[in-house]
Structure formats: C-alpha cells, structure tokens
Amino acid sequence: SSDSDRICLSTKASNPALSAEPLIFEAVANDDAGIVESLLTDEPALIDARGGWQLYRPLFFAIEAGHAATMDVLRRHGARLDVKQRHLGT
C-alpha cells in the first residue's frame with residue numbers, strides 16, 4: 001500500500017462526513033487499482049455507486065477510460081457487465 005493509499009483512506013476514516021463514493025470515482029479515473037481495492041474491501045456497496053451526469057457505475061467509467069487493472073479489481077469485487085446504464089440502456 002502506498003502512502004497516497006494510506007492518506008486517502010485515513011482521511012476518510014478520520015472524517016465520517018467525507019463520503020467514499022466520490023473517492024471511488026476519483027480512484028477509477030486515475031486508474032488507481034490499489035485504492036479501488038481498498039475502498040471496495042471497506043465498503044463493498046460502492047461497486048454499485050453511481051456518479052457523473054450519466055450516473056455511471058465505477059466499472060463503466062473504467063471501461064470508457066480503458067483502465068484494465070481497475071476493471072479487473074472491479075470485476076473481482078462483483079461488478080457486473082449486464083446491468084443497465086440509465087442513458088445508454090446497456
């Protein structure tokens with residue numbers, strides 16, 4: 001675990017008002033599979049979080065960006081490809 005992983009996760013732990021939901025989208029956008037892994041281990045429900053104007057789930061952000069390592073982590077944690085995305089119907 002890198003120092004940035006510890007800082008990110010300890011900030012969340014020390015401030016309960018700081019939601020992990022935006023953090024998972026930031027980690028996915030940055031292709032930071034280690035932080036995604038840590039966040040999902042701590043809060044498995046984040047796998048179904050929705051973000052952005054398209055209300056994408058984390059896996060779809062990773063797919064659009066081509067972040068293979070992050071996609072693998074999300075799939076291992078149960079992200080599904082067969083769920084509908086609101087604006088695409090896919």
Side-chain angles (χ1 to χ4, degrees):
S1 185
S2 71
D3 288 339
S4 65
D5 292 349
R6 279 188 233 102
I7 290 168
C8 177
L9 295 175
S10 67
T11 300
K12 185 186 108 203
S14 66
N15 183 357
L18 182 60
S19 171
E21 199 167 291
L23 295 176
I24 195 159
F25 292 109
E26 183 177 340
V28 168
N30 292 326
D31 199 20
D32 197 328
I35 289 179
V36 172
E37 179 82 44
S38 296
L39 288 167
L40 290 172
T41 298
D42 289 347
E43 294 187 45
L46 289 173
I47 202 71
D48 290 321
R50 292 187 173 253
W53 66 271
Q54 300 154 321
L55 296 177
Y56 272 3
R57 288 180 171 93
L59 180 61
F60 288 89
F61 279 112
I63 289 169
E64 279 199 341
H67 294 157
T70 299
M71 284 187 265
D72 289 343
V73 169
L74 292 164
R75 294 285 293 144
R76 279 198 318 271
H77 280 270
R80 296 176 38 210
L81 292 171
D82 62 342
V83 294
K84 291 191 177 203
Q85 289 301 136
R86 197 170 274 173
H87 85 290
L88 295 175
T90 61

* Asked: If you take all heavy atoms of Ala62 and Val28, which pair is closest and at what distance?
  -> N-CG1, 3.5 Å

* Contacts of Ala29 that satisfy side chain to side chain contact (heavy atoms under 4.5 Å, CB included) - sequence neighbours left out -> none

* To do: Drop me the distance from Asn30's CG to Ile35's CD1, to the nearest 0.5 angstrom.
  => 8.0 Å

* To do: Could you walk me through whether Arg57 and Arg80 pass side chain to side chain contact (heavy atoms under 4.5 Å, CB included), step by step?
  => CA-CA 10 Å; Arg57 288 180 171 93; Arg80 296 176 38 210; over 6 Å; no

* **Spacing of CD1 belonging to Ile24 relative to CG belonging to Leu39, to within rounding of 0.5 Å** => 5.5 Å

* Do the side chains of Leu40 and Ile47 get nearer than 4.5 Å, heavy atoms only? -> yes

* Where do Glu64 and Tyr56 come nearest, in terms of heavy atoms and distance? -> OE2-OH, 2.7 Å

* To do: Looking only at non-hydrogen atoms, find the nearest pair between Arg75 and Leu59 and report the distance.
  => CD-CD2, 4.0 Å

* Could you check Ile63 against Leu81 for side chain to side chain contact (heavy atoms under 4.5 Å, CB included), going step by step and ending with a plain yes or no? => CA-CA 10 Å; Ile63 289 169; Leu81 292 171; 3.6 Å; yes

* To do: Check whether any side-chain N or O of His77 sits under 3.5 Å from a backbone N or O of Thr41 as a donor-acceptor pair, and report yes or no.
  => no

* Point-to-point distance, once rounded to the nearest 0.5 Å, from CZ of Phe61 to CE of Met71 -> 14.0 Å

* Starting at CZ of Arg76, measure out to CG of Leu74 and round the result to the nearest 0.5 Å. => 9.0 Å

* Report the C-alpha distance between Thr70 and Asp32 in whole Å, list the side-chain angles of each, state the deciding distance to 0.1 Å, and finish with yes or no for side chain to side chain contact (heavy atoms under 4.5 Å, CB included). => CA-CA 7 Å; Thr70 299; Asp32 197 328; 6.0 Å; no

